[in-house]
Every structure is written in structure tokens, then in C-alpha cells.
There are 2 protein chains.
Amino acid sequence: MNIKDVATRTGLPAKTIRYYEEIGLVTPDRAENGYRAFDRTHVHKLAFLARARGLGFSIEDCRGLLALWEDRARASGDVRAIAKAHLAEIEEKIAGLEEMRATLSDLVAACHGDDRPDCPILKRLETG
Amino acid sequence: MNIKDVATRTGLPAKTIRYYEEIGLVTPDRAENGYRAFDRTHVHKLAFLARARGLGFSIEDCRGLLALWEDRARASGDVRAIAKAHLAEIEEKIAGLEEMRATLSDLVAACHGDDRPDCPILKRLETG
DNA sequence: CCTTGACCTTCCCATCACTGGAACCCTTAT
DNA sequence: ATAAGGGTTCCAGTGATGGGAAGGTCAAGG
């Protein structure tokens with residue numbers, strides 16, 4: 001299968017698939033004309049990657065998850081540890097963003113937002 | 001004032017302050033020895049930038065906010081528009097992360113996480 | 001046979017907002 | 001004289017792509 005078909009099937013841009021090959025996440029064969037030749041397992045792997053990335057896992061996490069996925073003797077605890085660490089990062093990010101949101105929505109609410117120069121938003125940025 | 005003092009006062013790394021000069025956000029004078037010479041207004045400006053960045057505004061947003069801050073004839077509506085757009089972006093980001101968090105915490109909860117290979121997390125990544 | 005258009009390839013540059021490091025200069029104190 | 005602790009510039013790298021150039025390949029139509 002050529003790269004465009006794989007892109008369509010997995011939802012990943014062709015560029016991204018080439019990148020994943022470059023960093024060793026997939027290793028498609030090559031046809032005689034130099035085109036990448038993907039088989040079912042490659043597509044399956046790329047779909048896995050697309051889902052993991054969709055859940056926000058880093059490329060390196062994905063590499064680890066892929067390795068575990070392909071290891072029949074894996075311990076589910078290892079998978080869980082990766083997911084748990086990632087979950088913690090996400091929660092941290094959310095917390096940071098929530099704080100920004102709270103401040104920003106207060107400021108936006110406090111600013112009358114007309115032609116006058118007086119502005120609580122700028123005042124806050126000015127004075128902390 | 002030399003860059004280290006400004007860094008201490010604003011909480012910004014010296015590297016970042018140099019970068020802000022490079023992209024035209026501040027334009028400190030130069031002493032005879034080539035050192036950057038910051039005065040009170042530069043420090044004030046950098047502190048403003050530090051706070052705006054702390055609220056997640058992009059550098060380009062900061063540039064706009066700085067310009068408005070320095071414009072006595074500004075309309076607070078312009079400031080508010082920038083803040084509102086940024087708030088919307090943040091809320092979008094939060095929504096995306098919340099979705100990830102929900103899925104991930106379900107998966108982490110469902111995975112027994114021991115030595116056995118059976119793993120709902122991998123199953124989910126495998127099958128969507 | 002030739003051309004067109006849709007593929008494919010590699011390669012390099014850009015993103016965002018820094019961060020690290022090398023190589024070198026200046027100042028102050030010992 | 002030297003050492004510590006400033007400062008300077010410039011180059012390269014980060015994560016995970018995206019854009020675009022320059023050129024090879026393939027199938028269909030005139």
C-alpha cells in the first residue's frame with residue numbers, strides 16, 4: 001500500500017508517517033521504484049500511534065507503548081505506569097490553564113471594553 | 001542596571017531578556033563596554049511582559065498589549081478583545097485536555113497493573 | 001509517443017519561545 | 001597575576017510536525 005492510502009486509513013498526514021519512519025517507529029518496505037510499501041501490520045501500528053498521540057502521549061511514550069504492545073510477555077503494570085505518569089502531566093497542565101482561565105475571565109469581566117483607555121487588564125499586567 | 005539585576009527583579013532569565021531585545025520588545029541602551037544598560041522603564045516593561053506571559057499570552061499578543069499599554073489614547077475594547085480571544089483559546093485547550101483526562105483516568109482505573117499482559121489500555125489503543 | 005495530473009521521493013527551512021553551550025571580553029577583589 | 005563572576009555574540013537544539021522546492025514515477029487520454 002502506498003503512503004496516501006495509509007494516510008487516509010489512519011488519519012495521519014503523509015508527512016507525519018514519513019517522520020515516524022525517520023525516527024524508527026515504523027519501517028515499511030520499499031518497492032522497486034523507491035516508494036514506501038506498507039502492509040497491514042504497518043497500518044495497524046500507525047493507527048495505534050495515531051490513537052496514542054490523540055490521547056496526548058509523547059512520541060517517546062508512544063515508542064514505549066508500542067514496544068509493550070508488541071511484547072506478549074509484557075506486564076500491564078508497565079503500561080499503566082506510563083499512562084499514569086501521562087495522566088499526572090495532563091492534570092498539571094489543566095491546573096495551570098484553569099488558573100489562567102480564572103484570572104483571565106475575571107479580567108475580561110471587569111473590563112468594560114469600550115473606547116475609553118481605562119482598563120483593569122492592563123492595570124493587572126502593570127502592577128501584578 | 002545590568003542584565004542580571006533585571007533578571008532578578010523581573011524573574012525572567014537573562015537569556016529571555018536578550019531574546020526579547022532581539023525580537024524588539026525592549027530596547028535597552030548600551031554602556032561603553034557593550035553591556036546592556038536597563039533603566040526603570042525597561043524593567044517595568046519586562047515585568048509587564050513576564051506577567052502577560054505568565055497568563056499564557058503569546059509573544060505577539062504581548063507585543064500588542066505592550067503597544068496598547070503605552071498608548072494613552074487606547075480603547076480598552078482592544079485590550080479586552082485580545083484577552084477574550086486568548087481566554088477562548090485557553091478554554092479550548094482545557095476542553096481538549098479534559099477529554100484526554102477522562103479517557104485516561106478511565107483506562108488507568110480499568111487496568112489492574114500487575115505482571116499479567118492483559119491490558120485495557122493497550123486494547124483501547126489497538127482497537128480505538 | 002507525448003502530455004497531463006496525481007502520485008511519490010528527498011532535502012531543507014520554519015514554527016514557538018526559549019535553552020544550552022562555546023568562545024571570548026570586562027570588572028573587581030585578592 | 002589570577003580567579004571569580006559578571007557580560008557579549010553566535011550557533012545549535014528542543015517537539016512534532018508543516019510548507020514547499022526539485023525531481024522521479026505511473027496511469028490515462030489525445
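Nothing here was measured: the structure is a model prediction, and the numbers come from that model. A, B, ... follow the sequence lines: proteins, then strands. Residue 1 opens every chain.
Remark: side-chain polar atoms of A/Ser76 are not paired, donor with acceptor, to backbone N or O of B/Pro117 under 3.5 angstrom. The main-chain N or O of A/Lys4 is never found under 3.5 Å from a side-chain atom of A/Asn2 such that the two would form a donor-acceptor pair.
Near DNA chain C, meaning a heavy atom under 4.0 Å from it, residues 83-98 of chain A has no residue at all.
Taking atom CD1 of A/Ile3 as the reference point, atom C1' of D/dG18 lies 14 Å away to the nearest angstrom. The interatomic distance linking A/Leu12 (CG) with D/dA16 (P) rounds to 14 Å, in whole Å. Atom CG of A/Asn33 is separated from atom C1' of D/dT25 by 7 Å (rounded to the nearest Å). Distance A/Tyr20 OH to D/dA16 C1': 7 Å, rounded to the nearest Å. Remark: P of D/dG23 and OH of A/Tyr35 are 16 Å apart, rounded to the nearest angstrom.
Side-chain atoms of B/Thr10 and B/Leu49, non-hydrogen and from C-beta on, never get closer than 4.5 Å to each other. Side-chain contact between B/Leu55 and A/Leu125 is present, with at least one heavy-atom pair separated by less than 4.5 Å.
Put simply, A/Thr16 has a side-chain N or O that comes within less than 4.0 Å of OP1 or OP2 on D/dG18.
Residues satisfying the side chain to side chain contact (heavy atoms under 4.5 Å, CB included) test with A/Glu60, not counting sequence neighbours, are A/Ser58, A/Arg63. Qualifying ring pair (Phe, Tyr, Trp, His ring centres under 6.0 Å) partners for A/His42, counting only residues two or more places apart in sequence or in other chains: none.
Screening residues 12-28 of chain A for salt bridge (charged side-chain N to carboxylate O under 4.0 Å, His left out), with sequence neighbours left out, gives A/Glu21-A/Arg30, A/Glu21-A/Arg36. The side-chain hydrogen bond (donor to acceptor under 3.5 Å, both in side chains) contacts involving residues 117-128 of chain A comprise A/Glu126-B/Trp69, where partners must be two or more places apart or lie in separate chains. Residue pairs that meet the salt bridge (charged side-chain N to carboxylate O under 4.0 Å, His left out) test with at least one member in residues 38-49 of chain A, sequence neighbours left out, are A/Lys45-A/Glu70. For residues 73-98 of chain A, the set of pairs meeting the salt bridge (charged side-chain N to carboxylate O under 4.0 Å, His left out) definition, not counting sequence neighbours, comprises A/Glu98-A/Arg101. Applying the ring-ring contact (aromatic ring centres under 6.0 Å, His included) rule to pairs touching residues 87-119 of chain A yields nothing, sequence neighbours excluded. Note on residues 3-38 of chain B: no pairs pass ring-ring contact (aromatic ring centres under 6.0 Å, His included), not counting sequence neighbours.
First and last contacts of DNA chain C with chain B, using any nucleotide atom under 4.0 Å from a protein heavy atom and ordered 5' to 3', fall at C/dA17 to C/dT27.
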One character per nucleotide, please: for nucleotides 9-15 of chain D, 5' to 3', B when the base has a protein heavy atom closer than 4.0 Å, S when only the sugar-phosphate does, - otherwise. BB-----

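Separating the CD1 atom in A/Ile59 from the CG atom in A/Leu65 is a distance of 11.0 Å, to the nearest 0.5 Å.
The overall bend of the helix from C/dC1-D/dG30 to C/dT30-D/dA1, read as the angle between its terminal helix axes built from five base pairs each, is 40° when rounded to 10 degrees.
Among the atoms of the strands shown, none is found under 4.0 Å from any heavy atom of B/Phe57. Within 4.0 Å of B/Ile23, counting heavy atoms only, lies no atom of the nucleic acid at all.
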